[in-house]
Amino acid sequence: MRLSRYFLPVMKDTPAEAQIVSHRLMLRAGLIRQMSSGIYAWLPLGHKVLQKISAIVSDEMAKAGAVELLMPTLQSADLWRESGRYDAYGEEMLRITDRHDRDMLFGPTNEEMITDIVRQELKSYKDLPLNLFHIQWKFRDEIRPRFGVMRGREFLMKDAYSFDLDFDASRLAYNKMFVAYLRMFDRMGLQAIPMRADTGPIGGDLSHEFIVLADTGESEVFLHKGLVEEPVPTEIDYEGDLTSIINSKTNRYAATDEIHDAAKFEAEVDEADRVTARGIEVGHIFHFGTKYSEPMNAKVQGPNGELIPLQMGSYGVGISRLLGAIVEASHDDDGIIWPEAVAPYQVGLISLRPKDETVSAACDDAYAKLTALGVDTLYDDRDERPGAKFATMDLIGLPWQMTIGPKGIEKGVVELKRRATGEKQELPLDKALELIAG
Ligand code: 5CA
């Protein structure tokens with residue numbers, strides 16, 4: 001992509017309304033703009049990261065056996081009356097009336113809707129297990145939207161829903177999602193620590209939050225130091241035994257402030273191993289059995305012909321919140337440092353003299369070669385001062401910067417900079433391409 005034809009409105013100054021670094025950097029780097037309180041437009045660069053994150057989430061869901069669909073944002077209030085949550089959900093639900101005076105709502109989550117879809121189609125235990133997920137915008141009329149996309153009113157969520165015949169099968173579905181979450185956050189360059197949590201308005205008997213440690217996190221967390229260092233397996237056999245992976249991630253003390261037990265923490269964890277920190281909840285998984293299937297009459301025929309209510313769980317990831325969490329976890333004074341897997345472009349190509357024909361020809365050549373190698377490149381071909389170009393590239397945080405100017409061309413080299421370390425080297429173009437593509 002040529003920057004001269006792109007839409008990247010960066011800001012030099014720190015926006016006054018932003019209290020935390022990720023919000024400031026997301027505004028400054030031209031990822032988002034606020035349209036009203038807690039509602040954001042995703043500008044091209046931000047939109048691209050959103051898509052990268054969504055693709056990783058979808059991929060890990062598919063590997064764990066979940067199947068993607070897409071449900072609407074608007075829902076009928078009647079479904080929520082069936083489950084009993086229409087009144088219980090309270091002020092956070094945005095209620096809408098259509099022209100026929102029918103009560104609608106902008107979905108804050110989809111347990112009722114997916115239960116409705118499934119109860120109409122599933123007849124027999126032979127149709128199980130089933131796990132369906134979608135990535136769709138949600139609306140929650142948060143009393144205090146803040147920290148940019150971290151606590152928005154409109155936000156993008158991945159929500160998966162599992163359906164099983166009995167408790168054991170349902171726990172297996174929960175475990176698969178648990179492990180898939182470890183993988184997906186790890187692929188995004190994040191260390192997300194699972195913690196037992198309160199089930200809140202979703203309900204149920206078991207839930208875990210996945211928390212990224214960051215000073216600006218909204219929740220306080222307490223955990224054993226060893227959990228931070230626990231590695232995530234690179235490949236997972238979902239047909240194999242997942243309990244050892246889960247145990248290694250849960251057999252030491254870890255709790256959010258909601259269910260923290262100070263006496264237990266002190267008894268179980270040596271003082272030297274105690275971590276008290278702040279964290280961002282990037283995912284939350286729930287096992288709630290028949291909480292929705294009973295009242296909504298979602299049943300299948302069991303092996304002996306009897307009708308059995310479905311055992312369910314739901315599994316959420318805050319996709320738009322993840323951008324904020326990743327920026328909190330990965331930035332420096334100059335701007336964002338995108339982990340490779342979620343970076344909007346892999347390389348920023350900087351032309352030092354776009355008006356010089358030789359330099360332009362060399363840059364166009366490098367751009368064509370990068371593109372041919374499948375390397376997504378943002379090519380700064382604008383007629384701007386080099387200083388401003390470098391500052392923009394550092395701000396938007398692409399993993400590599402390749403700079404081409406008249407001096408380098410004379411020497412037969414380009415300059416390659418690694419954004420994460422600041423390390424620079426001069427080398428011939430073909431060597432630089434090898435390094436980037438390898
Ligand atoms: N139905 C369940 C799971 S599918 C559910 O809604 N869970 S949740 O309420 O915990 O939300 C799932 C994830 O969405 C959270 O872990 C969080 O990462 C994200 N999220 C929740 N509220 C917001 C918000 N206001 N702004 C941005 N992300 C949010």
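Just follow the structure's listing: the first ligand is 1, and inside any ligand the first atom is 1. Because the structure is a prediction, the values reported are computed rather than measured.
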Enumerate donor-acceptor pairs with a distance under 3.5 Å from any side-chain N or O in residues 68-75 to protein atoms, sequence neighbours excluded.
{"from": "Glu68", "atom 1": "OE1", "to": "Ser58", "atom 2": "OG", "distance (Å)": "3.3"}
{"from": "Gln75", "atom 1": "OE1", "to": "Trp80", "atom 2": "NE1", "distance (Å)": "2.7"}
{"from": "Gln75", "atom 1": "NE2", "to": "Thr109", "atom 2": "O", "distance (Å)": "3.1"}

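The number of heavy atoms from other shown groups lying within 6.0 Å of CG (Asp215) does not exceed 12.
No cation-pi contact links Arg419 to Trp400, judged by a cut-off of 6.0 Å to the six-membered ring centre and 45° from its axis.
Enumerated by chain and number, the residues approaching ligand 1 to less than 4.0 Å through a heavy atom are Thr109, Glu111, Arg140, Glu142, Val149, Met150, Arg151, Gly152, Phe155, Met157, Asp159, Ile202, Glu281, Val282, Gly283, His284, Phe286, Ser314, Tyr315, Gly316, Gly318, Arg321.
Judged purely by atom type and a 3.5 angstrom limit, Asp166 uses its side chain to pair as donor or acceptor with the backbone of Ala169.
No donor-acceptor contact under 3.5 angstrom links the side chains of Tyr367 and Arg2, judged on distance only.
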Practice prompt. Please lay out, stage by stage, how Asp159 and Gln136 fare under the test side-chain hydrogen bond (donor to acceptor under 3.5 Å, both in side chains).
Written response: CA-CA 8 Å; Asp159 34 329; Gln136 178 62 290; over 6 Å; no
